Structure formats: structure tokens, C-alpha cells
Amino acid sequence: MALLEVDGVGLEFGGIRALDDLEFTVEAGEICALIGPNGAGKTTLFNCVSRVYTPQRGSIRFDGRELLTLPPHRVARAGVGRTFQNLALFPALTVLQNVMVGAYSRGRGGAWSDALRLPGVARRERRLAREGSELLERLSLDHLGDQPASDLPYGTLKRIEIARALASQPRLLLLDEPAAGLTHSEVEELGGTIRQIRDDFELTVLLVEHHMPLVMSISDRVVVLDLGRKLAEGTADAVSQDPQVIAAYLGAEL
Amino acid sequence: MRGRALGIGTRAGAALLTVGVLAWLPQYYGATDTALFAKAIYIAIAALGLNLLTGYNGQVSIGHGAFFGFGAYATAILMNDHGWDFLATLPVVAVASFVVGAAVGFPALRVKGLYLALITLGLAALFPDLVTKYVHGTGGTTLVQPPLPTSPGWAQGFAPNDDQWRYYLALTIGIVMFILAWNLVRGRFGRALLAVRDHDAAASTIGIDLARIKVGSFAISALYAGIAGSVGVMVTGLANAGRVETFQLSINFLVAVVIGGTATVLGPVVGAWTFVFLERATQDLFPDQALLSPAIFGVALILLLFALPDGIVGGARRTGRFARRKLQARRAPRAPDFPSPIREDRQ
Amino acid sequence: MDLNLFFSQLLNGLSSGAIYASLALAIVLIFRTTGILNFAQGEMALFSTYVTWWLADQGLSIGLAIAISVAVSFVGGAVIERVVIRPFEKASPLVIVIATLGLFLALNSLTQVVFGTDAKQLGSAFPDTVWDVWGLRIEAQTIGILVVLGLECVALWVLFQRTRIGLALRAVADNPEASRLLGVRVGTMLMFGWGLSAALGSLAGAMVVPTTQALTASSLQSVLVFAFAAAALGGFDSPLGAVVAGLIVGIARALTIQYIEPLNNIELVVPFAIILVVLLVKPAGLFGSTQVERV
Amino acid sequence: MSLLEVVDLSAAYGPIQVLHGISLTVDAGEVVVVLGANGAGKTTALRAISGLVAAKGELRFDGVSILGRHPESIAHRGVSHVPQGRGTLAGLTVDENMRLGAYSRRDREGIAADLAEWYDTFPPLAKRRSQTAGTMSGGEQQMLAVARSLMSRPRLLLLDEPSLGLAPLVTKQLFETLATVNRERGIAMLLVEQNAALALELAARGYVLEAGEIVASGTAENLSRDGEIRKAYLGR
Amino acid sequence: SGGGRSSSSSPGSGSTSTKGGIVDASNCPGSETEGVSGTTIKLGTSLPQSGLYSAFTEILKGESAYFSYLNQELGGVEVDGKKYTIDLVAKDDAYQADRTVANVTALVNDDKVFALFNVVGTKNNLAIRDFVNRQCVPNLFAATGSPAWGDVKYPWVLGSELVPYPLEAKALFDYLEKNSPSAKVAILRASDDFGRAYSETFRSLIKGSKITIAKEETYNPEQSDTKSQVTSLAATNADVLLLGATLLACPDALQNVKASGWKPMTYMSGTCTSKTLMALAGDAADGVMSVTDIMEPGLAAWADEPAMKLYLDKIAKYAPDADAENGIVAYGWTTGALLAETLHRSPSLTRQAVMETARTLKASDVGLLMPGVTLSVSAKDWFLGEMFSLAQYRTALGHFELVGSVLDFSGHTAKITPPDLIGG
Ligand SMILES: Nc1ncnc2c1ncn2[C@@H]1O[C@H](COP(=O)(O)OP(=O)(O)OP(=O)(O)O)[C@@H](O)[C@H]1O
Ligand SMILES: Nc1ncnc2c1ncn2[C@@H]1O[C@H](COP(=O)(O)OP(=O)(O)OP(=O)(O)O)[C@@H](O)[C@H]1O
Ligand SMILES: [Mg+2]
Ligand SMILES: [Mg+2]
């Protein structure tokens, strides 16, 4: 059974069909890239999976479990983490706190225990801080822990988002254009990082990206979207040779 | 929250000193001033709670005067009609205001920002009418005047006068509420509050239940306002709810939060004291030109905000950070965040 | 049911609703152009109305007095923006709201200092004719206010949807920095928006006050709550919404007073219950546009 | 005399100095690229030029100092800035955004003609004329930002990562469009771009910005031959 | 107002007062002659001078003018053979009870006033009632017509010459019994204690009579718009309208009644009779009934009264910016005169003596009191303004005309007032 099964998902906004009977699967452990022209519906799909949007048709199963019946905050608990195309960090929190709050779905305890600072609370806070620092270190962000997560360079913020998503220890990580705005060398480094975390955390990665070299170099499989439908699917090489994909997305030569 | 500005020791010292000064105030100052200090304390309690809602969670309420009134009437009626002890009313008020707050905060699930603020305004407008309709207090008015707690025998040493004793009661409650708020924002719940404020969609995708946080912060802030109301009754001896007063209280809490510094724990407290003294000072400025005092207060408020747009505590913090950065910058001229991919000495 | 009574109350509701609506329009306008909630709206209108009164008291015809006061208020609004609000350009919206509260206090008390605390009488711009239509008493006053409101709505719609300056106003409210880069003079637009809103407020005051016996420092405060309610119910960015909602609030209030005896004294419950229900279904009000935030 | 002259320009956010005296020029009708790593200060440089960030040094456009001027008056002189993060007016429709692009113009026919032309060039925008800009996909908004800028018929276009979030095909088309615009209308451009290969193809000259200082400059050709730059920005 | 904390005086200490009499001062803290120094008596008052009710400032102008006249032209008030000038310290409370409490605490503790005088507002006076009682500070002539001042547990507070609201209801009832014994009455009243005093008293009075209540509507006192309420009442077509309203709601209701075409005989609260409010009502006020015990300044009928001449003359001199024709200025003046009279009659200048004097007062010809009106209180009777005259407004003349002779309800207020409006 595939880890993520997107099945007949359809979503319209007014007259615009953002997703049109979309169907594809992501296998456990793979890095699957989702590419397609602007407005093809990639981000919209992410939004459906993380329940920011509710599709009008279809089903999305994660590990056999229907996600569309869950409230949004349950999705993280079910094991799905994501980043955002347009940054969505919490600027009032420091970088480390952003990562710590990322672990929210794993914790428990509410306002009362916090307010009374029950014994477990201090211990939990120390543990979260330690785990957060480790994640930051892994994404070479450790020197920024105490900075507010605003006004940092774009690429840095994107990486903080990855760290925050990882903090929930997801099984499926949705990355929306993580390479946007990075220089070539930074993209290469990012590619390495994604592979590394996939291996270390036994993650499955669904990656939306327009940076084709990155897609080619790290994805096990590529799904191409156009007009809300699946246009093609296969290995990076195969897909990039597909005339339909070239016509709709890549352009004549690559 | 960002980086430790001061060491733990310094902080503890400062806290002790502050509490010491607060405890000394009614020993030196007379009853009139002590009542003013006590007022600052109960406004601070309400502002502490409102700050959790507005500062930390980004939901503006211009109706917390109603929760204050609710707490005030609950305490006053329990004491007056049922003979309860003041302290015994507190847990009841806390629970009841929490529940009412949750009920009132319920629309927050869907309604946001200004629209929510307007619903709370409706609450502030409605509450006095409800009181007028259902409360028959002294002389047929809406005033309920419970007997005030008096200084017990064992406290004669430090609080021979009742007003002193009441101040100390208020102070103790204030300190407890402050510590609770302090703890609250420093943990998982506090981070969630800020996360929901800054980006609710992102917050929900990391597993934060928006409904719970939004309604929860509403309920907690209502609890604070309710307790503040109880303390207010204990200090002034009356529960009252005119429309102007209820609206004005709601605004006062908000003013205290903003001039103290939103989303800081200390801010509302500093803001409340500043507010109370500013108000008093503008009233005293031209005693026989009373009509002018609101104008002077209004202008002073605008000037204060202009000088410190992020509040007194926020401003102090910013200055501190600025100074520290400047200092660091002088020591180590430039510490780029990133190693340069290209040698720096080119060109 | 006594139909005549029902329609009389409906008319009462319309006439007080028209009053709420006129102030609500000013609130909506300033929100539309600057994105903030102006607590001082009522007091700005109050001051303007005193100016109108003063001009009329000097012997000017009421029409002329209103016209001059509207012009003066436009300038006054623009000056307030420049002097009081502009310094808060970079501050958070909450700080600006509190600043408008400061303005509220200052204006209310200054009005009393300047014009005195005693009640003033302000003539109406409309004749005090009452038409008797099938036993219903329809006041020219009410019809007059409704016509003015209708005209204001159309004018605002044209301004916002059909003119360059209206587009610029909306752009500034949406994103000042991006507007700057497009060459929109943000400061001028904000002053224009405040001026316009103050002018509308002045007009509202001149229409409202003659229906409330006398002009005092509290003349507009009692209306303000309902005006805010109307703005929320209609949608903060919709002039048409403000008018429709103002009328709804007025009518709801009148009918409650007549027909729901248990809610005597607390008839305020009804408009707010309506708002609550509407907002739960449509979180941006009846006619407001929902700001979709994409992620 | 160059169209844009930047001499020893520095800028800071509060206590943090970001630009440490950079100098660059753009001639009339010339395309100049700025390369640089994340956080190097590229965005800050463009913001300083268009007046969004206070700066020190010298800043001249068309021979006139524009240092300390308001962004709107700089825009009126013919400098159009496509900011990083697009700066779309999210609550307005695509069409309204486009019309605001032409805010500083008064020629009705010209505006109508340009509108038709850019809708033609960016078909996704034409399809979404009445959609609220904020609801569009990232790439669509990026197209809008560029097209809107072109509506003002600027003399100098400041482009901050215009290809961010664009599909490869659209990126290519965008650069073709920019080349055409530059060729046919003589619009000068100062371009910050991470797709260095395409940018260097378009540009005549370039600068490399590191940690707030210009560390390299030269013709596009020379820069693309430089080993270090190839490694960091081109990957070939 | 600063001031350190001085060691407190415990109850009873330093008290030289005598037990017994009407006012018991045996448990009083502080000095009996506090606030009297040399030849000055310091008094304190709290009233709205800012905010929505700032129009009440005019009261202060009236009373201050009287005290200026007293101090400067009469050399002060003579108490026990010695002349004292009066120094009135006024504080603004914006009509908010908690600010009244703060003001009065400061007046007593810091300003050390001898007594409180003419504090405005029912709630405001109730809020300080316990405090003044405990401190034994006379709170003289509280400016409210509430029946609450009849509570025997609070001897240190005494209402002013305003007609108690329940008595107005009684006057109307008596009038109807005589002239229209089976009248159908509609009530429009403020939704607060003020409005309740009218409606509850009237309701209790009509028990057993043929007079019935057609309908009662309330309005929110912070919103003087009464149109819908009047429409609702007009639909009953009742014979009589009892208007338990105040301030702008009075002319508003009258105009709405007129506009509705309904023509009831209208009785309106005595708090509305001021020239300003009546002028606002214009035609609509013609024929409205009310009560009065003070001469309305500016009316031709009183123009030749020496008291009126004195008043107009001294207001022009000492309070030139006040509107002498405004009824509440006249009220302030009269109350000032009443205080001077009370002090003058007091056997000695102690708080207890003054309070006892006030509590046994019988006075006429004070200030602008109408000829024939005597204010009286006694051990059994706790209300001053129980003599007054019915009056009817004539728009054509621009003033009220007295209807019948002066009515004497001395000692009645407590009897007819529903108990929860007094105690509780
Ligand atoms: N809330 C919304 N309202 C209206 N239209 C929407 C909304 N969200 C998305 N769309 C439309 O749906 C389509 C798909 O958008 P989506 O963001 O998924 O594209 P994408 O594939 O992520 O594109 P890009 O590569 O540019 O990010 C777009 O045409 C967009 O305009
Ligand atoms: N508003 C701000 N306040 C404080 N520091 C800022 C602010 N904006 C940017 N910075 C800092 O200034 C430096 C330069 O930022 P800038 O955005 O100019 O870089 P850039 O070269 O455009 O990088 P990017 O790839 O992120 O676009 C960064 O270190 C950043 O953290
Ligand atoms: Mg996308
Ligand atoms: Mg940048």
C-alpha cells in the first residue's frame, strides 16, 4: 500500500478548476517530485492534504487513513509535515521557538499545567529545546537559534521552515519550492540535506519544485501536473523527455 | 523572550526589589493613594489577561469591561446576599468567568479581527442593560455594595488600617496572577498563542487546534478580567455597571496593554500603573478646568504612543537590544551569517 | 396584528436606521481607505456638527452651514491624518486604534470646551413635513436622509470602482509599500481618505442631530454603537452594506421594542444577535469581501 | 553619464549595517545583473535605490540625486521596482493591479494598448483578469508583478528575483520578454536573479555582491568565465 | 494630592460628641470640627464636570455664586455668634460612582473637609453612603430625588430640596383620582432606578382604584431616542402618559407623542422642567403637567420677587458665564442658600450639631424656593422637598403656570415608596 494515495481529488474556486480528478500515489520512503506549470494546482494539492482547503471531490489517504475527515490540526499528528511556498513562519518567535512549536503535535499538556509550571513542564521544555537545537544544527542554523525568525535571508527562512516541519517527526514531508531564491551552490547543498534527512528520519518526501536540476538530482519519481490533472509520471529522466511535459512545462530544450 | 537580556540572578533581584517597593507603598502613602495603587493592581490583572488574548493571540476585545463587571457582580452578590467571604468568591468567579468567556469567545472560531472586536463591543454595550434589568441593588440602583474585608488581628502589625489590608490582598492576588501568566506564555501554550496570532494556517498544520487556542485564550482572559472585577469590588466596595463605565473599562485595559507593551508579560502591569497615574495626573493638572482633563489625557496618550509605539516595556527592550547589538558590532565589526562563497578580498 | 402599527414601527426603524447608517458610512469609508477602525469617528462628526451649528447660529442658512462645515471637516480630517495618525505609520494597527481613542477623548472634551456644555438646537436641512399615507405618518426628514444615503452610496461606489483616485485609495489600504512603488502618493491618499470620511461624518451629524432634539457632547456617542454594529453587519468595506445593515439594525430594534416584551430594556440583544448569526455564517458581514489568505 | 549612478551607498536596519558602501552604474538601455548569495544585501540595494530603505552615499538617476526622496516620486521619475515577494495588491483584482501599474501615466490609448500587449504575453493573467490577485498561485502572482511593472513604461526596471517560483518554460519566456522590452523600448534594467545562467545571457554587465560589498564586477561574459562564480552561481 | 500616612485614629478616639439625639456620633473617628480653621469652613463636593454629563457643572456655578455672595457681601455665615466664610472644594467625577468614591475619600482624608455638600447623582451618593456614615461626615443635600435617602441606617446623608420622585407619582395619582378617576395610563420611563421610582410607586398607588395601566415602555437613559416606545404606547391610545424620563428624553418623547397624533394628558418628571429642555420640546410641550418647588428664573411671574432679583443680580456678578435662566443654576444657588441657613441655625460648629440641625430643619424663603413652600425634616420625616405645586406648561407663554395651590406631602415619601427603593 502506498503511503499517500490521492484519489479523484477535485477542487474548484468559482469557475477555476484548480484540481481536476487528480490521482497519484507516493510510496513510503521515496522522494517524489511534483512539478507542473504555474497554477497547475501543486500548492492547492498540498493545501488539501494539510486540510487548509477541503476538496469538493475525492479522497486523500495517508497510510490507509482518510485525511479529509480529519480536522486540520489532526493531520500533523497523523504524521504529515509541510513547508509553505510563501513563507509561513512565526516572526514573533525566535528561530528555536519556531522549531519547538513545530513539535506541538507530539506534546500534550495545556494551559493549566503550563501556568502552574507543574514538574513535567520544565523537563519537557528542556527536552524540546535540546531536540530543537539538534535540528537547527543539522540544517546549519544553530547560530541563529536566538534570533527572531523575521528579517533573515529568504533561503534561511525556508530552511527554518523545514526544521519546524521536521520537529513534528513526520512520516511524510511536503516541501513547497524549498529551492526558490537560492543560489546554485545553495541549491546543491539543499539537495544533499533533503536526501540526508530522508534517510536519517526515514521520511517520505513530496517535493514541489521548479528548479529542474534539483528535481532531476534527488527525486526517485516525478509526477507532472497540468490544469489540476496528472499529465505524466515516471522517473525524472523519462518525464523530462516526455513531449507533453516539454510543451507544457519545460520548454523546448533543457 | 528573545535571548536572555539579564541573568537569572539579576532578574530575581529585580523582582524582589519590586515586590519590596510595592509592599512598602501603603506604609508610607495615605488611604487615597493606596486606593489608587490598588486600582492600578486590579487594572493590571485585567490587562494581564487581555494581553494574553490581544497581545499574544491577536484577538482584539473591546468588551472585557463586561467580564470585569461579571466578576465584580458575582463577588459582590455572593458576599452581600449570601454572606460569603471575599476569598471564597474568587474560585467561583474564576470558574464562572472562564465558562462565560469560553461561551462568548465561541464566535472566534469563525469570526476574526475587527468583526470579532465588534462582537465584544456588543457585549460591553449589552452588559449594563442586562445588569439594569436583572440586578436590583442598593436603593433600586444597580449598585451592589458588599461589606469590605477588614484587617484581621494577626495583620495589625503591618496593616493596621483596612485599606492597607485590602491593598495587600489585592497585591497578593495580583502577584499570583502575574506568575501564572508569566509561566503560561513561557511554555507550549504561549508559543501556540503566538503561532496562531502570526499565522493561523501554518499553526494548524503543525497540529495546533485553532479552536481550542482561540476560545481558550478568550476564556483565560475572561477569567483574569473576572478576578480583576472581584478585586475591584474588594478595593472600591462597589459593583457597578454603567454603559460608559463598562466601555471605558474595556478601553482602559486595552490602553494599559498597549502603552505597557503588547505580548510582554510585564507590559500590562507597567501599562496599568502608568495609565492610572497618567489619568490622575491629568485630572490634577488643572483642578478647576475639569473639562480639559480628558483632552489632556488623550493628547498625553497619543504622545506616549508616539514616543514608544511598542509600549514602555517593548521600547525598553528594543533599546536594550539595540545597545547590545551596537556593542557587539563594535567588538566584532562584521559577523556575516553565511560564509561567503567568494573570497572577500577580490575585485 | 395591527398592520398600521407594524408599519409605523417599520418606519421608526427606518428613520433611526438611516441615522445609524449615515455614521456607519463614515466608518466604512475610513476603513476602506486606510484599513483602520476609527474610534474618534463619532467625535469628529460631533465637532463638525458643532461647527455647523455655530455657522447656522451666525445666521447662515442651514444648507450653507452644512456645506461649509463639510468642507471644513474635509480639511480637518486631512489635517488629523497628517498630524495625529501619520506619525504612527509604522506602528501596529492596535496602536493606531488606541491613538484614535486618544483623539476621541481629546475631541469630545475640546468640543465642550470650545462650544460649551449646554444643549444646542440645530435646524434640519429637510422640511418638517409629515405625509399621511394610508394612516401612516411618513416624515420628510426620514425620506431626506434615505435619499442622501442613497446618493452617498452611489457616489462612493463610483469613486471606488470607477475612478483612478478610488483605485489608488484601495491600493493604499491594501498595501501601502507596494502602492508607493507604483507611484501612488500614499500620504496624500491617506489624507484624502480621512478628509472624505470626516466630511461624510459631518454630513451624518447634520442629518442625525436634528432628529435627536439637541446637540450635546453625547449626541453621537449613543448612535456610535449602532453605527459600529451596522458597519460590522454590512461588512466593514462595503458602503452599501453599511446602509442596508444600518436599516436592518434600526428596524430590528424598533420591532423588538414593539413586539418582544421580555426584551424590554435589553432590546440591544436583537441587533447583536443578528450580527452574531450573520457573522457566524458570513464572517465578513453581509456585503463585505472576504480576504482570502493564501498559503 | 549613466542613467543610474550608485556611489558608496550604505544602508542599515537599526543597528545592523547591511550595505557597506557599494558603487554601481546602469547606463540608459543597459541590462545589469547583480548576483549574490542569500542575505548578501541584493534586495536591500534595490530597496535603497527605489527609496524604500534609508541609505547614505550618492544616488543619482538621470543625473539628479534621488537620495532621500520618497519612493513614489522616484517611481514617477521612471524607476519601477518589482520587489522580492512580488508586492501584489492582494485584495485587488488582476486587472486593477495592472491598471495601477500605469498609475503614473495619463495616456488612455497607450495604457489600453499596453494592457492588451501584456495580457497577450502572459496568457494566465488574461484568463484571471477579474480574479483577486491574492488568491493566485505563486507563479501567477510573480507574472503579475512583472507585467504590472511594465505597464508603467519605466526607464529603469529594478527586478528582484523575477523568476522566483516561475516554471522553467515561463522563466524562459520571461527572459525573452525582458530582452525584447529592453531591445525595443530601450528600458534599462537592474536585475537581481538566482538563475544566473539566464541572467548573464540577458545582461551586458554584472556585479557580485557578498555580505554587503561588491566583490566582483565586469562584463557578463567575463563573469561567466570566472571559475569561482561558475561554481557558486552557475554550476557548470 | 500626596500626603504621607499619618497614624490612624481609632474609632471613638478624640471624639467629644454626645450620645443621643437624632444623629448618633458616639462611634465616630476623627475630629468633630475637622475642616473648620480660623474663620473658614471647608466643604467638599463631587459632581460631573467632564464627560457626557458635564452640563451638571452649572450646579456648581450656582452654588459657588451663592458662596461668593455670602463671603464677600455678607461677610460669611454666622454660626454660634461667629462669622465664617465658606470654602468649597469641588472635584470632578464625570458622573461615575467609583470616581465619586475616590474624590470623597480624598476630600475627607486629605482635604479634610468639614462636610460634603450637594454631591450629584443617586448612584454616586449611594456609593459613598457607607463611608460618610462610618466617618460621620455630614453629606448634606445630596442632589437627587431618589427615595433611598429615607434609610434610617444612614443618618449622615440628607437629600436636597428636589421633589422625591415617588411623590411626583403620588401627585399625579391624586390629580387623576380627582379629575379622571378611571384613567388609562401609559408609562414611559428610563430603564434605571430613576424610572422605576415613578412606575413602581404609581403602580402601588393605583391598587384599589379604577385607574389602570395600559402599557409600560422603557428607554435606555444613555440613548434618548424614544420614538418606537412612543409609537407602541400611542397604539394603546391611553388617556394619560406618565413620563418618568429625564434630560433630552423628555423633549424627545413629547415631540414623538405629538408626531404620533396621540393626545394624552401628559405628566412629566420634575427633573425636566428647565427652560432649556422645554424650549427644545416647543409646541409639543403645551399642556404638559409637572411639579416645581423652585421659582423658574426668567419667568415674568417671578420677576418682581426680591429673591429672584437678588439671584439674577448676583449670578451676573459672580458667575457671568453661567446661564441664569437655566433651572439647574437656580437649583445650585438655592441649595447653597439652604446650606448657609442650616449652618447658621446650628448651635455649634461640630459635625454632629450641623447634622442634627439639618435633620430637624424647617425652612422657607430660602434661595429661590417658591413662596409658600416650606422644607421640613424631622425625626420621622427624612425628606426635604415634600411641598411643591403642580404646574402646567404653556408654550405660548414660554413657562409653567401653577395649577392649584401648593401641595403639602410632608412625611409622605417614606409611606408611599415601595420598600426596595429605600433600603436594600
Ligand atoms: N483560494 C483561491 N481562490 C481562487 N483561486 C485559487 C485559490 N487558490 C488557488 N487558486 C487557483 O488555483 C490554481 C492552482 O493554484 P496553485 O497555487 O495550486 O498552483 P501551483 O501549482 O502551486 O502554482 P505555482 O507553481 O505558481 O505555485 C491557480 O490558478 C490559482 O489561481
Ligand atoms: N527588515 C529587516 N530588518 C533587519 N534585518 C534585515 C531586514 N531585511 C533584511 N535584513 C538583513 O539584511 C541582510 C541582507 O538582506 P537582503 O534581503 O538584502 O539580502 P538578499 O541578498 O536580497 O538575500 P535573499 O536571497 O534573502 O533575497 C540579511 O542578513 C537580512 O537578515
Ligand atoms: Mg505553488
Ligand atoms: Mg533578496
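What you are looking at is a predicted structure, and each value in this text was computed from that prediction instead of being measured. To find a chain, count down the sequence lines: A is the first, B the second, and so on, and within it residues start at 1.
If you measure heavy-atom distances from E:S54 to chain B, the contacts under 4.5 Å come from the side chain alone. Using a 4.5 Å cut-off between heavy atoms, B:L291 touches chain E through backbone and side chain atoms alike. With a threshold of 4.5 angstrom between heavy atoms, E:Y95 approaches chain B through N, CA, C or O but not through any side-chain atom. Interface remark: E:L60 contributes no atoms to any contact with chain B (heavy atom separation under 4.5 Å). Contact annotation for B:V144: neither backbone nor side-chain heavy atoms come within less than 4.5 Å of a heavy atom of chain E. Heavy atoms closer than 4.5 Å to chain E are found in the side chain of B:D163, but not in its backbone. At a 4.5 Å heavy-atom cutoff, B:A35 makes no contact with chain E through either its backbone or its side chain. The part of B:Q27 that comes within reach of chain E is its backbone (N, CA, C, O), which places non-hydrogen atoms under 4.5 angstrom from that chain.
Annotation: side chain of E:D92 is not in contact with side chain of B:Q283 (no heavy-atom distance under 4.5 Å).
In this structure, a donor-acceptor pair under 3.5 Å is present between the side chains of B:T32 and E:D110.
The two atoms that bring E:K123 and B:G242 nearest to each other are NZ-N, 4.2 Å, heavy atoms only. Of all the heavy atoms in B:A31 and E:N109, the pair that sits closest is CB-ND2, 3.5 Å. Closest of all the heavy-atom pairs between E:D98 and B:L238 is N-CD1, 4.4 Å. The shortest non-hydrogen separation linking B:N240 to E:A97 is ND2-CB, 3.6 Å. What you find for E:D193 and B:G139 is that their closest heavy atoms are CB-O, 4.2 Å.
Without hydrogens or angle criteria, B:Q145 side chain to E:L126 main chain gives a donor-acceptor distance under 3.5 Å. Side-chain N or O atoms of E:R196 include one that pairs as donor or acceptor with a backbone N or O of B:G140 at under 3.5 Å.
Rounding to the nearest 0.5 angstrom, the gap separating the OG1 atom in B:T132 from the CD atom in E:E222 is 8.5 Å. B:T142 OG1 to E:D192 CG: the interatomic distance, rounded to the nearest 0.5 Å, is 8.0 Å.
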* Stepwise side-chain hydrogen bond (donor to acceptor under 3.5 Å, both in side chains) check, E:N220 with B:D129 -> CA-CA 8 Å; E:N220 186 325; B:D129 291 359; 3.1 Å; yes
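Top candidate by heavy-atom pairs under 4.5 Å with chain E, chosen from B:L36, B:D81, B:L143, B:L292, is B:L143.
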